[in-house]
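Single-structure report; data block below.
Chain identifiers are assigned alphabetically (A, B, ...) following the order of the sequence lines, protein sequences preceding nucleic acid strands; residue numbering begins at 1 within each chain.
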Amino acid sequence: MRTGKHKTVYFDNAASSWPKPERVYRAMDACMRNAGGNPGRSGHRLSLQAARIIFETRESLAELFGVADSSRIILTSNATESLNLAIKGILKTGDHVITTGFEHNSVMRPLRFLEKESKLSLSCIGPSHKEPLDLPLLEKAITAKTKLIVSMHGSNVSGDIFPIAQIAGIAKRHGIVFLVDASQTAGSLPIDLTKLGVDLCAFTGHKALLGPQGTGGLYIREGIVLRALKQGGTGSRSESEEHPEFLPDKYESGTPNTVGIAGLGAGVKYILSTGVRNIGEKKAWLRAYLIKKLQDIDGMRIYGNPASAGLAVVSFTVPEVNSSTIARNLSDKYSIMTRPGLHCAPLAHRTIRTFPEGTLRISLGIFNTTREINYFIRCLKNTIKQAE
Amino acid sequence: MSEKHNQASRIITFPSIHDALKAEKHCRKAGFKVKLIPVPRHISSNCGMALECLNRDIEEIMRGIRHAELVIDSLHSY
């Protein structure tokens, strides 16, 4: 896409993916025009059509995540709402929670909020020499009061991938609920929630799932019961003033974001037809290409483990040049969209010792090319030279 | 389905629209002629939509629903 002198190069897909597949725009337009009823509430054609769109999106998400019963996928307005529902819905006063040293504020803030209210105690487990999470230390931190382990699947700062299968094993052995934050990985990596044995998994719709902003969800394993965040109209049991207990209605009330969910459904269908493995391989290849080019720049410090498998999320710093200055220059002069600073994850930056300055983050999407990376590297070198 | 079919049809009700749509998808996949309709006034139901099925298919449909562990409320004559 052209805006002004340069073609826009979008390298901020970990914040929100852009552009979307053509079918996402079309699905949202068609939903507004042809399915404008309130989903499942009224019984007429437009209401039924809206309910179908939501049902089909839920079914596609269940297929993508290896979930047999799609009613266990709760649709929310974003990963933050999903994480709040999971964390506040499972914890009771006096519980102990274990989390990682890389979590986003969408995990840390609800946890710190409850900690401040003296409702829970919290252990944050940092990295080991080679891995982003010290697993033996995590297991040692378990006490009789540990109710919940929360871990991200992939870091939005370093691109590191967390060993969720092993954590699920530890949680299961100790009878602890395991919540995964898959905000960065859903749509980028294959995730089979049933095989992994994950209890709760929060995801967002507008990143690698290629849907619009304002969409997300929470998978709740059968047998896990949460306290709902809200109660209200569901279109079911209308005669009762008590909120229904069955899923998905128990955790979803009020008129949903049907247009957004239509877009999310189209994004997930695009991923299912392209193959999440193919998407992951393309992104891994672009990431390796980017890292190789960055490593050629003098003084460049890349965070995370460039040699291991990681998400197409690369953070770096250049000595003596502030990341905000570089990002601003890249945007203003060259129309390259990157993200400087702390990426809503101060804890992660404390862990990798880049707090409070932060890093410059490049996050690639499926529509990025090596040509764009070459252009970015040329512009980055120019920017560094001018700043020196 | 026509009025004529209605003479010989059965109605399945559900707790939620999700369950109704799931059953509809399941029946259509299995080749049954079914239709989601607003719940007739004489039937009390949790969800406003119900699945209309042909009388001759109902036994097989109910077997399929049990086999797939789908959730329903109850079965009614039209």
Glu24(B) portion near chain A, given a 4.5 angstrom heavy-atom threshold: side chain
Under 4.5 Å from any heavy atom of chain A - which part of Lys22(B): both
Could you give the distance from [atom1] ([X]) to [atom2] ([Y]), rounded to the nearest 0.5 Å?
X        : Y         : atom1 : atom2 : answer
Ile37(B) : Leu48(A)  : CD1   : CG    : 11.5 Å
Leu36(B) : Arg45(A)  : CG    : CZ    : 14.5 Å
His18(B) : Glu59(A)  : NE2   : CD    : 6.0 Å
Asn46(B) : Thr234(A) : CG    : OG1   : 9.5 Å
Met49(B) : His44(A)  : CE    : NE2   : 10.0 Å

More than 12 heavy atoms of other groups within 6.0 Å of [X] [atom1]:
X         : atom1 : value
Gln231(A) : CD    : yes
His42(B)  : NE2   : yes
Glu69(B)  : CD    : no
Arg33(A)  : CZ    : no

Under 4.5 Å from any heavy atom of chain B - which part of Ser71(A): both
Part of Arg58(A) lying under 4.5 Å from any heavy atom of chain B: side chain
Largest heavy-atom contact set with chain B, pairs under 4.5 Å, which of Ser70(A), Ser47(A), Gly235(A): Ser70(A)
Mind listing the closest non-hydrogen atom pair of [X] and [Y] along with its distance?
X        : Y         : value
Ser16(B) : Phe246(A) : CB-CE1, 3.5 Å
Gly43(A) : Pro38(B)  : O-CG, 3.6 Å
Ala51(A) : Ile17(B)  : CB-CG1, 3.8 Å

